[in-house]
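Please read all numbers here as calculations on a predicted model, not as lab measurements. Below, each value reflects all heavy atoms present in this structure, side chains not excepted, and no hydrogens, waters or symmetry copies. So you know, we letter chains A, B, ... as the sequences are listed, proteins then strands, and number each from 1.
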Amino acid sequence: MSLDVAAVRADFPVLARRARGGHPLVYLDSGATAQKPLAVLDAERDFYLRHNAAAHRGAHLLSEEATDAYEGARARVAAFIGADPGEIVFTRNATEAANLIAYSVGNAATSGPSGGRPAGPAAERLAVGPGDEILVTELEHHANLVPWQQLCLRAGARLRWFPVTAEGRVDLSGIGALVTERTKVVAVTGQSNVTGAMPPVAAIAAAAHAAGALAVVDGAQLVPHHSVSVRETGADLLFFSSHKMLGPTGIGVLWGRREVLEALPPFITGGSVIEVVRMEGSTFLPPPQRFEAGVPAAAQAVGLAAACDYLDAVGLDAIAEHERALTERALEALTAIPGVRVLGPLTTERRGGAVSFTVDGVHPHDVGQVLDELGIAVRTGHHCAWPLHRALGVQASTRASFYLYNTAEEVDALADGIRTAQKFFGAG
Amino acid sequence: MSLDVAAVRADFPVLARRARGGHPLVYLDSGATAQKPLAVLDAERDFYLRHNAAAHRGAHLLSEEATDAYEGARARVAAFIGADPGEIVFTRNATEAANLIAYSVGNAATSGPSGGRPAGPAAERLAVGPGDEILVTELEHHANLVPWQQLCLRAGARLRWFPVTAEGRVDLSGIGALVTERTKVVAVTGQSNVTGAMPPVAAIAAAAHAAGALAVVDGAQLVPHHSVSVRETGADLLFFSSHKMLGPTGIGVLWGRREVLEALPPFITGGSVIEVVRMEGSTFLPPPQRFEAGVPAAAQAVGLAAACDYLDAVGLDAIAEHERALTERALEALTAIPGVRVLGPLTTERRGGAVSFTVDGVHPHDVGQVLDELGIAVRTGHHCAWPLHRALGVQASTRASFYLYNTAEEVDALADGIRTAQKFFGAG
Amino acid sequence: MELESMYQEVILDHYRHPHHKGLREPFDAQVHHVNPVCGDEVTLRVALKGAGGEPAVADVSYDALGCSISQASVSVLTDVLIGRPVSEAMEIASAFTELMHSRGRAEPDEDVLGDAVAFTGVARYPARVKCALLGWMAWKDATARALAGQDREQG
Amino acid sequence: MELESMYQEVILDHYRHPHHKGLREPFDAQVHHVNPVCGDEVTLRVALKGAGGEPAVADVSYDALGCSISQASVSVLTDVLIGRPVSEAMEIASAFTELMHSRGRAEPDEDVLGDAVAFTGVARYPARVKCALLGWMAWKDATARALAGQDREQG
Ligand SMILES: Cc1ncc(COP(=O)(O)O)c(C=O)c1O
Ligand SMILES: Cc1ncc(COP(=O)(O)O)c(C=O)c1O
């Protein structure tokens, strides 16, 4: 299986634009957000121009069409990750999905899944309270860390974590001591947005389950780049963002095993999530409706479905292989430059296409500035993974991240740009 | 000031489509969601095609442009409601904004605004706990009711409410007894989505302030239809949805007075909201960043800004007067039909353009079905205001709601359609 | 107008003159179902009888508030299901559910569904499918409870 | 390349050879500021002296981790502000802040800003403005605290 990059690039008009100094744009920041193919923009616009109405909020023709489009998008996303449509909850983004879980397990202490008071062993198993523990890793993006810290603050629970190895992988050696009967949730990234490391989520999920804990996977960097079958991850809950997988901003996805979603109380409430509302109290619908309050982001869901179509048409395996080759080239090129330190694994084994690095004597901001001046868009800073940077002994880094539209020449341009930065700042 | 409806309609291609039975579409469901002018769709698409990047997450040209576009949208929305840009928080929709407030005042019991432990009189004034009271009205949309019920469940607080009058307005006669020193929040709609009633929010806010409570206004039906200057509402916090004011789905707005936003702890956490993150705990940025976790919905913000431009170009006062005239015509036409009962005030005084009604002997679903068959899109059911319907002694209703693109002929078509429904079901 | 194809004469007849309406004794289970969109509700009771080991539907009684479709549908249900062995009634209920989810593209079997075929046109209107199914869902729920003898504990 | 217009020789000089670096005694207030995007940080101390009633900037000392812009900027700050009356220093800081928010469209006044005019080109890169302002914000904060005598309570 192989990928026709030139054909792909033709679908992304922004890639043809010029960046600073008239240089062709070299977009190596898909880890932050991906560019959008025309098919996605067309799908969204077509929805607005022909079927726009409030999905699930009317009985007229347009609202029927909007509901069909929205639910069709749910089914499409479900198929994309090997799930049932009823297991797909549309959120605002990956971050909101993580918060949904963290708040919901906190709410389970005072609310049953359908409203009213919590009851039964399922509720007890979920609810997080004083003495309970949440387990994360030191590699996490802030989106899969801070919500858990805040949950612990609210619930009087304790946050623990797997440390990171010098290679930028999760250090699982202490797993026996870390996963205990006090552990309520184990939340781990499917792929680090800094080191590219892909932790063995199935093994971690199995350990979580053996202790009776929920296994949560941050799929924000995993789902856009690999063919993912959620059941094979072993996770109970997995989330990701549309905008990192060619889809629109403003929408994300939470997948959950049916029994788990059914046991979780609501998070954001309002219209569309309710069964019966009285001033004295309300009851709630089954999932996924229970978790989708308010008029839904139907146009964005339709755009995300079109992104799934696009990715499947190119082929996730072809995309993964294309990225692997680019990553390999980048690892080789960058490690060959004296003074450059790559922050993740140096081979492409169980490793995705985020390549973060430091340059001796040149601050990441300054590296990024020189690259930007050459038209090369990378990310600089801690990439919302500050504890990971601290653990690796660096304050910040520069990150190049690849996607289906990137080319080998762009990787070479990156390496050349780094050398230019070194020269400019008299380093290396 | 007057409004050229034909010119306006030309900007909304969907209005030219045919509905069921080949009838021209008569869209009277803008209370659920508004249609979008081309200018909004073009603005969003242009953003994706030329400037797409993660706003606030990079130092390269595209991300600078995306940040400018996003922050420019914030300033535009602020100007639209007479606020400062720093007082505008982008949310997912109005519903999420209401939840943000409800969760944040709950979180204030365990978290200070910038993280850490809560401290000081400002935190105490905000925090909702056992014995405290939240005051709403019986007219509220579920979005401004259920989140408060859930807060009360979590915090051990008590929900109280202003009842509704037979005319579908808020009954303020008991205000002296309802607003007490136990009241922490008074949350009231700016305009009912069912009866169109516009409660005297400034007076209610003043009563709330006199008791030391926060005044929250649900502006979802207010902001799209009237020239609103947030300071004049007297509110501390006011929220609305983009999709009801010609903008994209997937984005909403929370406005808050600076001091109030500054005192509120974060709700959804993750990237972009933080100052410093350590595994042991995090601190948070000032508003609005504190409340915008994750990669923002930049394209949708840009679309919303374009919707503000569009509305201002037509003129909010002209729009309000246009809707007033349509509402007056509808009230006259509907009350003239025997067997039709309008659920709100019968004059246009302090009343917006939502006209809900029942038809003796014909269930709202059946009224809606006949209208749909005639190409007329209305909403049927309880419109996410179930307690209000119960209070008015009806199970459900049919609602027509107007916007700048509706015409007098469409109002007449509605009245004719109701008569057709009566005839078909042998009623009236 | 297409209205006639949706609102078949049979439906309007049942709506105006519902069959078997009212809550009756004895019953083995009672349920209350609501359509969360419009607040339509039905309280429905099922009485079973054991005829030679095979349980059968002895009676279905109900009280309902709602639109023509939901009212007519539960009325037709009583006509079609009362007297049938439970297994057969369950099959009919499944066939009806399937028909309603067919988007109007299915060929309903009148031998199985009887008057319930009149709802074929409703299936073209997804927002109304819930109305048509309200009583049937309640019946399935009540019957399952009756079979499980749950009613005894719940009173 | 445009790089030279951003990274003026003055900036690179200060970056490579920072002035007044290191934390010194005595001081009236110390603050620690962080750039949340990249983790750049500065610890900055201010010592004031009362010259004929008008307080003046006696010393600014600092320790900083960060990019060329943030490092050079705080170094230039010490050159420009040390020795000035506080009121004048505040005006310079305001002028610098304004310059940095000008998007590179402002005409900086070299008489007021001295070497700090070298940062004019940085103002064209909004993402770097925070870098250039890090030290200046810290200085304003520390000076305000010193003036308020807050340092005494906070130790
Ligand atoms: C009065 C009122 N408040 C709140 C909402 C909720 O808005 P959204 O569904 O966009 O969150 C609506 C509309 O649904 C409304 O009419
Ligand atoms: C690993 C990881 N998790 C979570 C997120 C959060 O995604 P979003 O900002 O779209 O909510 C990101 C990206 O920002 C990420 O890279």
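Taking CZ of B/Phe425 as the reference point, atom OH of C/Tyr15 lies at 7.0 Å (rounded to 0.5 Å).
Taking 4.5 Å as the limit, every side-chain heavy atom of C/Ile69 sits out of range of all side-chain heavy atoms of B/His363.
In terms of heavy-atom proximity, B/His365 sits nearest to C/Cys38 at NE2-SG, 3.7 Å. Here the shortest heavy-atom pairing between B/Phe424 and C/Leu12 reads CE2-CD1, 4.2 Å. The nearest pair of heavy atoms linking B/Gln395 to C/Glu41 is NE2-N, 4.1 Å. Counting all heavy atoms, side chain and backbone alike, C/Arg128 lies closest to B/Asp366 at NH2-OD1, 3.1 Å.
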Show me the side-chain donor-acceptor pairs of residues 118-126 of chain C shorter than 3.5 Å, one per line, residues at least two apart or across chains.
residue: C/Thr120; atom: OG1; partner: C/Val117; partner atom: O; Å: 2.5
residue: C/Arg124; atom: NH2; partner: C/Ser5; partner atom: OG; Å: 2.9
residue: C/Tyr125; atom: OH; partner: B/Glu373; partner atom: OE1; Å: 3.0

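Looking at B/Arg390, neither its backbone nor its side chain comes within 4.5 Å of chain C, counting heavy atoms on both sides.
Residue pairs that meet the side chain to side chain donor-acceptor pair (under 3.5 Å) test with at least one member in residues 134-145 of chain B, sequence neighbours left out, are B/Thr137-B/Glu140, B/Glu140-B/Asn144, B/Asn144-B/Trp148.
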